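Heads up: the structure comes next, in C-alpha coordinates.
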Amino acid sequence: MQKLKKRSWAEPFKIKTVELLKVTTREERNRALKEAGYNTFLLKSEDVYIDLLTDSGTNAMSDYQWAGLMLGDEAYAGSKNFYNLEEKVQQFYGYKYLVPTHQGRGAEHLISQILIKPGDFVPGNMYFTTTRLHQELAGGTFVDIIIDEAHDPTSTYPFKGNIDLQKLDDLVKRVGAKRVPYVSVAGTVNMAGGQPISMENLRQVRQLCKNHGIRIVLDATRLMENAYFIKIREKGYQQKTIAEILGEMCSYSDACTMSGKKDLLVNIGGFLALREHEQEIFEEARNLVVVYEGLHTYGGLAGRDMEAMARGIEEAVSEDHLRARIGQVEYVGEKLLGIGIPIVLPIGGHAIFLDAKRFLPHLKQVEFPAQTLAAELYLESGIRSMERGIVSAGRNKETGDHYHPKLELVRLTFPRRVYTQAHCDVTAEAVEAVYENRESVKGLRMVYEPKYLRFFQARFEKLP
Ligand SMILES: *Cc1c(COP(=O)(O)O)cnc(C)c1O
(Lines give C-alpha, C1' and ligand atoms only; values in the text may rest on other atoms or scores of the structure.)
Protein backbone atom coordinates (compact mmCIF):
# COMPACT_ATOMS: atom_id res chain seq x y z
CA MET A 1 0.00 0.00 0.00
CA GLN A 2 1.21 3.50 -0.81
CA LYS A 3 1.93 5.69 2.16
CA LEU A 4 0.12 9.01 2.41
CA LYS A 5 2.31 12.05 1.97
CA LYS A 6 2.23 13.82 5.29
CA ARG A 7 1.00 17.37 5.57
CA SER A 8 1.52 18.80 9.00
CA TRP A 9 -1.34 21.30 9.05
CA ALA A 10 -5.00 21.64 8.27
CA GLU A 11 -6.97 24.85 7.95
CA PRO A 12 -6.78 26.47 11.42
CA PHE A 13 -10.49 27.33 11.38
CA LYS A 14 -13.85 25.69 10.92
CA ILE A 15 -16.71 26.93 8.75
CA LYS A 16 -19.65 28.75 10.32
CA THR A 17 -21.32 30.37 7.29
CA VAL A 18 -21.23 29.26 3.67
CA GLU A 19 -21.70 31.10 0.40
CA LEU A 20 -23.10 28.98 -2.43
CA LEU A 21 -21.22 28.76 -5.73
CA LYS A 22 -22.78 28.69 -9.18
CA VAL A 23 -21.63 26.05 -11.66
CA THR A 24 -21.94 27.15 -15.31
CA THR A 25 -21.86 25.27 -18.62
CA ARG A 26 -19.12 25.77 -21.20
CA GLU A 27 -21.64 27.51 -23.48
CA GLU A 28 -22.57 29.97 -20.74
CA ARG A 29 -18.91 30.64 -20.06
CA ASN A 30 -18.17 31.16 -23.74
CA ARG A 31 -20.91 33.78 -23.92
CA ALA A 32 -19.78 35.47 -20.70
CA LEU A 33 -16.17 35.58 -21.91
CA LYS A 34 -17.09 37.21 -25.24
CA GLU A 35 -19.22 39.77 -23.43
CA ALA A 36 -16.28 40.50 -21.15
CA GLY A 37 -13.94 41.13 -24.09
CA TYR A 38 -11.72 38.20 -22.96
CA ASN A 39 -10.77 40.20 -19.91
CA THR A 40 -11.37 38.31 -16.64
CA PHE A 41 -11.70 41.66 -14.82
CA LEU A 42 -14.87 42.30 -16.84
CA LEU A 43 -16.58 39.00 -15.96
CA LYS A 44 -19.52 39.12 -13.59
CA SER A 45 -18.62 37.51 -10.31
CA GLU A 46 -21.77 35.38 -10.39
CA ASP A 47 -20.50 33.70 -13.58
CA VAL A 48 -17.34 32.60 -11.76
CA TYR A 49 -16.96 29.26 -9.97
CA ILE A 50 -13.65 29.54 -8.11
CA ASP A 51 -12.48 33.13 -8.00
CA LEU A 52 -8.69 33.38 -8.00
CA LEU A 53 -8.60 36.85 -9.55
CA THR A 54 -7.05 38.43 -6.52
CA ASP A 55 -6.42 38.11 -2.81
CA SER A 56 -7.35 41.76 -2.41
CA GLY A 57 -10.40 42.39 -0.28
CA THR A 58 -11.59 38.84 -0.92
CA ASN A 59 -10.63 37.45 2.48
CA ALA A 60 -13.05 35.63 4.78
CA MET A 61 -13.36 37.50 8.05
CA SER A 62 -13.52 35.62 11.33
CA ASP A 63 -16.41 35.66 13.80
CA TYR A 64 -14.17 37.88 15.95
CA GLN A 65 -13.89 40.41 13.13
CA TRP A 66 -17.60 40.24 12.30
CA ALA A 67 -18.36 40.84 15.96
CA GLY A 68 -16.09 43.88 15.74
CA LEU A 69 -18.29 45.31 12.99
CA MET A 70 -21.10 45.64 15.51
CA LEU A 71 -18.80 47.70 17.68
CA GLY A 72 -18.29 50.29 14.96
CA ASP A 73 -18.20 53.76 16.45
CA GLU A 74 -19.48 55.83 13.54
CA ALA A 75 -18.66 59.20 15.06
CA TYR A 76 -17.37 61.65 12.47
CA ALA A 77 -14.39 62.49 14.61
CA GLY A 78 -12.38 60.53 17.15
CA SER A 79 -13.97 57.10 16.63
CA LYS A 80 -12.79 54.62 19.26
CA ASN A 81 -12.07 52.15 16.45
CA PHE A 82 -9.43 54.54 15.11
CA TYR A 83 -7.63 54.50 18.45
CA ASN A 84 -7.80 50.73 18.59
CA LEU A 85 -6.35 50.48 15.08
CA GLU A 86 -3.65 53.00 15.96
CA GLU A 87 -2.71 50.95 19.00
CA LYS A 88 -2.44 47.73 16.97
CA VAL A 89 -0.33 49.40 14.29
CA GLN A 90 1.99 50.77 16.98
CA GLN A 91 2.15 47.42 18.76
CA PHE A 92 2.84 45.18 15.76
CA TYR A 93 4.36 47.42 13.07
CA GLY A 94 6.04 49.86 15.40
CA TYR A 95 4.93 53.04 13.60
CA LYS A 96 3.87 55.87 15.85
CA TYR A 97 1.70 57.82 13.44
CA LEU A 98 -1.30 56.42 11.62
CA VAL A 99 -3.32 57.94 8.78
CA PRO A 100 -6.16 55.64 7.76
CA THR A 101 -7.09 55.54 4.05
CA HIS A 102 -9.85 53.83 2.11
CA GLN A 103 -7.31 51.34 0.73
CA GLY A 104 -3.64 51.06 -0.17
CA ARG A 105 -3.64 53.42 -3.14
CA GLY A 106 -5.07 56.18 -0.96
CA ALA A 107 -1.92 55.97 1.15
CA GLU A 108 0.29 55.78 -1.96
CA HIS A 109 -1.35 58.92 -3.27
CA LEU A 110 -0.63 60.84 -0.06
CA ILE A 111 3.00 59.84 0.35
CA SER A 112 3.76 60.33 -3.38
CA GLN A 113 2.25 63.83 -3.40
CA ILE A 114 4.15 64.78 -0.27
CA LEU A 115 7.61 63.37 -1.00
CA ILE A 116 8.01 63.31 -4.80
CA LYS A 117 8.87 66.41 -6.84
CA PRO A 118 8.74 66.53 -10.66
CA GLY A 119 11.97 65.11 -12.05
CA ASP A 120 12.60 62.82 -9.09
CA PHE A 121 13.47 59.13 -9.36
CA VAL A 122 11.85 56.49 -7.19
CA PRO A 123 13.72 53.18 -7.09
CA GLY A 124 11.84 50.08 -6.04
CA ASN A 125 12.06 46.28 -5.95
CA MET A 126 9.89 45.85 -9.03
CA TYR A 127 6.92 48.03 -9.72
CA PHE A 128 3.40 47.60 -8.49
CA THR A 129 0.69 49.02 -10.75
CA THR A 130 -0.96 51.58 -8.45
CA THR A 131 2.26 52.39 -6.58
CA ARG A 132 4.14 53.28 -9.76
CA LEU A 133 1.22 55.21 -11.20
CA HIS A 134 1.02 57.45 -8.12
CA GLN A 135 4.77 58.00 -8.28
CA GLU A 136 4.44 59.00 -11.94
CA LEU A 137 1.41 61.23 -11.35
CA ALA A 138 3.50 63.10 -8.78
CA GLY A 139 6.15 63.70 -11.47
CA GLY A 140 8.54 60.90 -10.52
CA THR A 141 10.13 58.18 -12.62
CA PHE A 142 10.13 54.67 -11.27
CA VAL A 143 13.42 52.74 -11.52
CA ASP A 144 13.46 48.97 -11.05
CA ILE A 145 16.34 47.93 -8.79
CA ILE A 146 15.28 44.39 -7.95
CA ILE A 147 17.90 41.64 -8.37
CA ASP A 148 18.08 40.04 -11.83
CA GLU A 149 16.92 36.68 -10.46
CA ALA A 150 13.45 38.19 -9.96
CA HIS A 151 13.02 38.49 -13.72
CA ASP A 152 13.93 34.84 -14.25
CA PRO A 153 10.91 32.60 -13.60
CA THR A 154 13.13 29.50 -13.38
CA SER A 155 15.51 30.83 -10.71
CA THR A 156 14.87 29.22 -7.33
CA TYR A 157 16.69 31.90 -5.33
CA PRO A 158 14.86 32.05 -1.97
CA PHE A 159 14.69 35.86 -1.75
CA LYS A 160 13.83 37.04 -5.22
CA GLY A 161 12.34 40.21 -3.74
CA ASN A 162 15.83 41.46 -2.80
CA ILE A 163 17.20 44.77 -3.94
CA ASP A 164 20.35 44.89 -6.05
CA LEU A 165 22.50 47.24 -3.99
CA GLN A 166 24.71 47.99 -6.98
CA LYS A 167 21.71 49.11 -9.05
CA LEU A 168 20.61 51.37 -6.21
CA ASP A 169 24.08 52.80 -5.75
CA ASP A 170 24.46 53.37 -9.51
CA LEU A 171 21.19 55.27 -9.65
CA VAL A 172 22.09 57.50 -6.72
CA LYS A 173 25.49 58.22 -8.29
CA ARG A 174 23.89 58.96 -11.66
CA VAL A 175 21.08 61.30 -10.56
CA GLY A 176 22.24 62.41 -7.11
CA ALA A 177 20.67 61.61 -3.75
CA LYS A 178 18.64 64.83 -3.84
CA ARG A 179 16.63 63.48 -6.78
CA VAL A 180 15.77 60.28 -4.90
CA PRO A 181 13.10 61.12 -2.30
CA TYR A 182 12.81 57.55 -1.07
CA VAL A 183 13.35 53.92 -1.93
CA SER A 184 10.11 52.04 -2.34
CA VAL A 185 10.55 48.60 -0.77
CA ALA A 186 7.84 45.97 -1.06
CA GLY A 187 7.50 42.85 1.08
CA THR A 188 6.64 39.64 -0.81
CA VAL A 189 6.91 41.32 -4.20
CA ASN A 190 3.61 40.84 -5.94
CA MET A 191 4.75 41.31 -9.53
CA ALA A 192 7.78 39.03 -9.08
CA GLY A 193 5.48 36.19 -8.07
CA GLY A 194 4.97 36.82 -4.37
CA GLN A 195 8.70 36.61 -3.61
CA PRO A 196 10.10 37.80 -0.27
CA ILE A 197 12.93 40.17 0.56
CA SER A 198 15.42 38.99 3.18
CA MET A 199 16.09 40.79 6.44
CA GLU A 200 19.78 40.92 5.59
CA ASN A 201 19.05 42.70 2.31
CA LEU A 202 16.67 45.13 3.96
CA ARG A 203 19.30 45.92 6.58
CA GLN A 204 21.89 46.59 3.86
CA VAL A 205 19.49 48.80 1.92
CA ARG A 206 18.86 50.73 5.11
CA GLN A 207 22.57 51.27 5.62
CA LEU A 208 23.09 52.43 2.06
CA CYS A 209 20.12 54.80 2.26
CA LYS A 210 21.33 56.16 5.56
CA ASN A 211 24.69 57.02 4.01
CA HIS A 212 22.90 59.02 1.32
CA GLY A 213 20.18 60.49 3.54
CA ILE A 214 17.42 58.74 1.58
CA ARG A 215 14.17 57.54 3.15
CA ILE A 216 12.70 54.06 2.90
CA VAL A 217 8.96 53.69 2.39
CA LEU A 218 7.80 50.11 2.80
CA ASP A 219 4.89 48.69 0.89
CA ALA A 220 3.71 46.67 3.88
CA THR A 221 0.76 45.12 2.08
CA ARG A 222 2.07 41.56 2.42
CA LEU A 223 4.73 42.12 5.06
CA MET A 224 3.33 39.49 7.43
CA GLU A 225 3.68 36.90 4.69
CA ASN A 226 7.21 38.12 4.06
CA ALA A 227 7.95 37.76 7.77
CA TYR A 228 6.82 34.14 7.61
CA PHE A 229 9.20 33.44 4.70
CA ILE A 230 12.05 35.02 6.67
CA LYS A 231 11.20 32.81 9.62
CA ILE A 232 11.35 29.60 7.60
CA ARG A 233 14.12 30.53 5.15
CA GLU A 234 16.57 32.98 6.71
CA LYS A 235 19.29 31.95 9.10
CA GLY A 236 18.80 33.19 12.65
CA TYR A 237 15.04 33.73 12.48
CA GLN A 238 13.60 30.29 13.20
CA GLN A 239 13.15 31.03 16.90
CA LYS A 240 11.65 34.49 16.42
CA THR A 241 7.91 35.18 16.36
CA ILE A 242 6.23 36.70 13.32
CA ALA A 243 5.56 39.82 15.38
CA GLU A 244 9.26 40.19 16.20
CA ILE A 245 10.29 39.76 12.57
CA LEU A 246 7.61 42.18 11.41
CA GLY A 247 8.74 44.77 13.93
CA GLU A 248 12.37 44.43 12.87
CA MET A 249 11.48 44.86 9.18
CA CYS A 250 9.53 48.03 9.89
CA SER A 251 12.36 49.38 12.03
CA TYR A 252 14.45 49.67 8.84
CA SER A 253 11.92 52.00 7.24
CA ASP A 254 10.64 55.54 7.77
CA ALA A 255 7.06 54.96 6.71
CA CYS A 256 4.81 52.39 5.14
CA THR A 257 1.79 52.27 2.89
CA MET A 258 -0.63 49.47 3.57
CA SER A 259 -3.47 47.77 1.78
CA GLY A 260 -5.40 46.07 4.57
CA LYS A 261 -7.26 44.13 1.90
CA LYS A 262 -4.37 41.65 1.73
CA ASP A 263 -2.54 40.64 4.93
CA LEU A 264 -5.09 42.11 7.29
CA LEU A 265 -8.02 39.82 6.44
CA VAL A 266 -10.56 42.52 5.68
CA ASN A 267 -12.58 43.49 2.63
CA ILE A 268 -11.67 47.17 2.60
CA GLY A 269 -9.17 49.45 4.30
CA GLY A 270 -5.62 50.71 4.29
CA PHE A 271 -3.31 53.18 5.96
CA LEU A 272 -0.20 55.27 5.82
CA ALA A 273 1.97 54.90 8.90
CA LEU A 274 5.10 56.76 9.89
CA ARG A 275 7.88 56.41 12.41
CA GLU A 276 8.31 58.78 15.31
CA HIS A 277 10.92 60.98 13.59
CA GLU A 278 8.54 61.72 10.69
CA GLN A 279 6.17 64.04 12.52
CA GLU A 280 6.41 66.73 9.83
CA ILE A 281 5.47 64.36 7.01
CA PHE A 282 2.70 62.97 9.21
CA GLU A 283 1.24 66.43 9.66
CA GLU A 284 1.25 67.05 5.94
CA ALA A 285 -0.41 63.69 5.35
CA ARG A 286 -3.02 64.48 7.94
CA ASN A 287 -3.77 67.72 6.08
CA LEU A 288 -3.99 66.03 2.70
CA VAL A 289 -6.08 63.06 3.84
CA VAL A 290 -8.91 65.44 4.66
CA VAL A 291 -8.94 66.60 1.04
CA TYR A 292 -8.88 63.20 -0.62
CA GLU A 293 -10.13 60.56 1.81
CA GLY A 294 -11.88 61.90 4.89
CA LEU A 295 -11.12 63.20 8.34
CA HIS A 296 -7.79 61.98 9.76
CA THR A 297 -9.52 59.64 12.22
CA TYR A 298 -11.42 57.69 9.55
CA GLY A 299 -9.74 58.38 6.18
CA GLY A 300 -12.58 57.10 4.01
CA LEU A 301 -13.43 54.14 6.23
CA ALA A 302 -16.39 53.44 8.45
CA GLY A 303 -15.54 52.94 12.12
CA ARG A 304 -16.54 49.29 11.80
CA ASP A 305 -14.04 48.78 8.95
CA MET A 306 -11.24 50.13 11.12
CA GLU A 307 -12.29 47.76 13.91
CA ALA A 308 -12.26 44.77 11.54
CA MET A 309 -8.79 45.77 10.35
CA ALA A 310 -7.48 46.20 13.91
CA ARG A 311 -8.74 42.71 14.76
CA GLY A 312 -7.33 41.45 11.45
CA ILE A 313 -3.84 42.54 12.54
CA GLU A 314 -4.13 40.38 15.65
CA GLU A 315 -5.15 37.33 13.62
CA ALA A 316 -2.78 37.88 10.72
CA VAL A 317 0.39 37.72 12.87
CA SER A 318 -0.54 34.22 13.97
CA GLU A 319 1.94 31.68 12.70
CA ASP A 320 -0.77 29.02 12.35
CA HIS A 321 -2.67 31.31 10.03
CA LEU A 322 0.36 32.10 7.89
CA ARG A 323 1.46 28.47 7.70
CA ALA A 324 -1.96 27.45 6.35
CA ARG A 325 -2.26 30.47 4.08
CA ILE A 326 1.13 30.05 2.46
CA GLY A 327 0.84 26.27 2.74
CA GLN A 328 -2.32 26.25 0.65
CA VAL A 329 -0.59 28.11 -2.17
CA GLU A 330 2.35 25.73 -1.90
CA TYR A 331 -0.01 22.73 -2.04
CA VAL A 332 -1.45 23.83 -5.40
CA GLY A 333 1.99 24.77 -6.70
CA GLU A 334 3.47 21.38 -5.84
CA LYS A 335 0.55 19.68 -7.58
CA LEU A 336 1.09 21.69 -10.76
CA LEU A 337 4.83 21.06 -10.70
CA GLY A 338 4.08 17.37 -10.32
CA ILE A 339 2.22 17.34 -13.65
CA GLY A 340 4.84 19.43 -15.45
CA ILE A 341 3.08 22.81 -15.62
CA PRO A 342 5.53 25.72 -16.02
CA ILE A 343 5.16 28.01 -12.99
CA VAL A 344 7.31 30.66 -11.37
CA LEU A 345 9.68 29.30 -8.75
CA PRO A 346 9.93 29.32 -5.84
CA ILE A 347 6.19 29.09 -5.21
CA GLY A 348 5.08 32.50 -3.97
CA GLY A 349 3.21 33.57 -0.87
CA HIS A 350 -0.16 34.57 -2.23
CA ALA A 351 -0.37 33.10 -5.67
CA ILE A 352 0.74 30.60 -8.25
CA PHE A 353 2.05 32.25 -11.39
CA LEU A 354 1.69 30.23 -14.58
CA ASP A 355 4.48 31.05 -17.01
CA ALA A 356 2.46 31.84 -20.14
CA LYS A 357 5.56 32.16 -22.33
CA ARG A 358 6.39 28.51 -21.70
CA PHE A 359 2.74 27.40 -21.48
CA LEU A 360 1.83 28.87 -24.91
CA PRO A 361 5.23 29.17 -26.64
CA HIS A 362 3.61 29.48 -30.08
CA LEU A 363 2.12 32.91 -29.20
CA LYS A 364 4.09 36.15 -29.65
CA GLN A 365 4.03 38.56 -26.70
CA VAL A 366 1.90 41.04 -28.71
CA GLU A 367 -0.70 38.27 -29.05
CA PHE A 368 -1.10 38.50 -25.26
CA PRO A 369 -0.26 34.94 -24.16
CA ALA A 370 -1.10 35.51 -20.48
CA GLN A 371 -4.37 37.28 -21.26
CA THR A 372 -5.19 34.36 -23.57
CA LEU A 373 -4.33 31.74 -20.97
CA ALA A 374 -6.49 33.40 -18.30
CA ALA A 375 -9.41 33.41 -20.75
CA GLU A 376 -8.88 29.74 -21.65
CA LEU A 377 -8.77 28.67 -18.02
CA TYR A 378 -12.08 30.40 -17.39
CA LEU A 379 -13.63 28.81 -20.46
CA GLU A 380 -12.46 25.37 -19.35
CA SER A 381 -13.49 25.53 -15.72
CA GLY A 382 -15.15 28.74 -14.57
CA ILE A 383 -11.99 29.52 -12.59
CA ARG A 384 -11.02 33.17 -12.76
CA SER A 385 -7.37 34.23 -12.78
CA MET A 386 -5.62 37.38 -13.99
CA GLU A 387 -3.04 38.51 -16.49
CA ARG A 388 0.28 39.80 -15.21
CA GLY A 389 2.27 40.46 -18.35
CA ILE A 390 2.32 42.87 -21.26
CA VAL A 391 -1.22 44.14 -20.66
CA SER A 392 -0.56 44.95 -16.99
CA ALA A 393 2.80 46.51 -17.83
CA GLY A 394 1.14 49.28 -19.89
CA ARG A 395 2.94 51.67 -22.19
CA ASN A 396 6.02 53.85 -21.94
CA LYS A 397 4.69 57.37 -21.42
CA GLU A 398 7.37 58.90 -23.68
CA THR A 399 7.43 56.55 -26.67
CA GLY A 400 3.87 55.23 -26.41
CA ASP A 401 5.14 51.67 -26.99
CA HIS A 402 4.05 48.66 -24.97
CA TYR A 403 6.43 47.85 -22.16
CA HIS A 404 7.65 44.31 -22.89
CA PRO A 405 8.10 42.75 -19.45
CA LYS A 406 10.27 39.65 -19.27
CA LEU A 407 7.58 37.94 -17.25
CA GLU A 408 4.37 37.01 -19.01
CA LEU A 409 2.33 35.41 -16.26
CA VAL A 410 -1.13 34.31 -15.23
CA ARG A 411 -1.80 34.71 -11.55
CA LEU A 412 -3.93 32.26 -9.58
CA THR A 413 -4.36 34.22 -6.39
CA PHE A 414 -5.72 32.62 -3.26
CA PRO A 415 -8.05 34.62 -1.05
CA ARG A 416 -7.29 34.02 2.61
CA ARG A 417 -9.44 31.46 4.45
CA VAL A 418 -11.94 31.17 1.56
CA TYR A 419 -11.36 27.96 -0.39
CA THR A 420 -10.84 24.38 0.75
CA GLN A 421 -8.32 21.79 -0.30
CA ALA A 422 -10.92 20.25 -2.66
CA HIS A 423 -11.18 23.59 -4.48
CA CYS A 424 -7.41 23.45 -4.79
CA ASP A 425 -7.56 20.00 -6.36
CA VAL A 426 -10.19 21.11 -8.89
CA THR A 427 -8.02 24.10 -9.78
CA ALA A 428 -4.97 21.97 -10.52
CA GLU A 429 -7.08 19.61 -12.66
CA ALA A 430 -8.48 22.54 -14.67
CA VAL A 431 -5.01 23.92 -15.40
CA GLU A 432 -3.94 20.44 -16.49
CA ALA A 433 -6.88 20.23 -18.91
CA VAL A 434 -5.93 23.55 -20.55
CA TYR A 435 -2.31 22.41 -20.75
CA GLU A 436 -3.30 19.25 -22.60
CA ASN A 437 -5.03 21.33 -25.29
CA ARG A 438 -2.50 24.16 -25.37
CA GLU A 439 -1.40 23.71 -28.99
CA SER A 440 -4.84 24.60 -30.37
CA VAL A 441 -5.06 27.87 -28.41
CA LYS A 442 -5.10 31.08 -30.48
CA GLY A 443 -4.02 34.51 -29.24
CA LEU A 444 -5.90 37.79 -28.87
CA ARG A 445 -5.85 41.32 -30.24
CA MET A 446 -6.70 44.39 -28.19
CA VAL A 447 -9.73 46.30 -29.44
CA TYR A 448 -10.17 48.81 -26.59
CA GLU A 449 -7.49 50.34 -24.40
CA PRO A 450 -8.14 52.71 -21.49
CA LYS A 451 -5.61 55.37 -20.64
CA TYR A 452 -4.70 54.34 -17.09
CA LEU A 453 -4.17 50.85 -15.62
CA ARG A 454 -5.41 49.38 -18.87
CA PHE A 455 -5.53 45.77 -17.68
CA PHE A 456 -8.68 46.52 -15.68
CA GLN A 457 -10.85 47.52 -18.63
CA ALA A 458 -9.09 46.59 -21.87
CA ARG A 459 -11.12 44.49 -24.34
CA PHE A 460 -9.91 41.82 -26.72
CA GLU A 461 -11.05 39.66 -29.62
CA LYS A 462 -9.88 36.19 -30.55
CA LEU A 463 -7.40 36.09 -33.44
CA PRO A 464 -8.63 33.99 -36.37
C1 LIG B 1 -3.01 45.76 -3.61
C2 LIG B 1 -1.69 46.36 -3.52
C3 LIG B 1 -1.55 47.74 -3.45
C4 LIG B 1 -2.69 48.72 -3.58
O5 LIG B 1 -3.62 48.57 -2.58
P6 LIG B 1 -5.20 48.77 -2.82
O7 LIG B 1 -5.79 48.47 -1.50
O8 LIG B 1 -5.62 47.82 -3.89
O9 LIG B 1 -5.41 50.19 -3.24
C10 LIG B 1 -0.27 48.24 -3.31
N11 LIG B 1 0.81 47.42 -3.26
C12 LIG B 1 0.70 46.09 -3.34
C13 LIG B 1 1.91 45.24 -3.27
C14 LIG B 1 -0.56 45.51 -3.47
O15 LIG B 1 -0.64 44.19 -3.58
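No hydrogens, no waters, no symmetry mates; every other heavy atom, side chains included, goes into these values. Atoms within each ligand, like the ligands themselves, are counted from 1 in listed order. Every value quoted in this text rests on a predicted model; they were computed, and no experiment measured them.
A cation-pi arrangement is present between Arg388 and Phe455, with the terminal nitrogen or guanidinium carbon under 6.0 Å from the aromatic centre and inside a 45° cone about the axis.
Legend: ring-ring contact (aromatic ring centres under 6.0 Å, His included) pairs involving residues 61-84, not counting sequence neighbours, sorted by first then second residue: Tyr76-Tyr298. Contacts classified as side chain to side chain donor-acceptor pair (under 3.5 Å) and involving residues 260-270 (residues at least two apart or in different chains) are not found. Counting only residues at least two apart or on different chains, the side chain to side chain donor-acceptor pair (under 3.5 Å) pairs with a member in residues 119-131 are Glu108-Thr130, Glu108-Thr131, Asp120-Arg179.
Note: Tyr419 and His423 have perpendicular aromatic rings, judged against thresholds of 30 and 60 degrees for the angle between ring planes.
A heavy-atom cutoff of 4.0 Å around ligand 1 is satisfied by the protein residues Gln103, Gly104, Arg105, Glu108, Phe128, Thr130, Thr131, Asn190, Asp219, Thr221, Arg222, Ser259, Lys261, Lys262.
Salt bridge annotation for Lys357-Glu408: absent, with no cationic side-chain nitrogen under 4.0 angstrom from a carboxylate oxygen.
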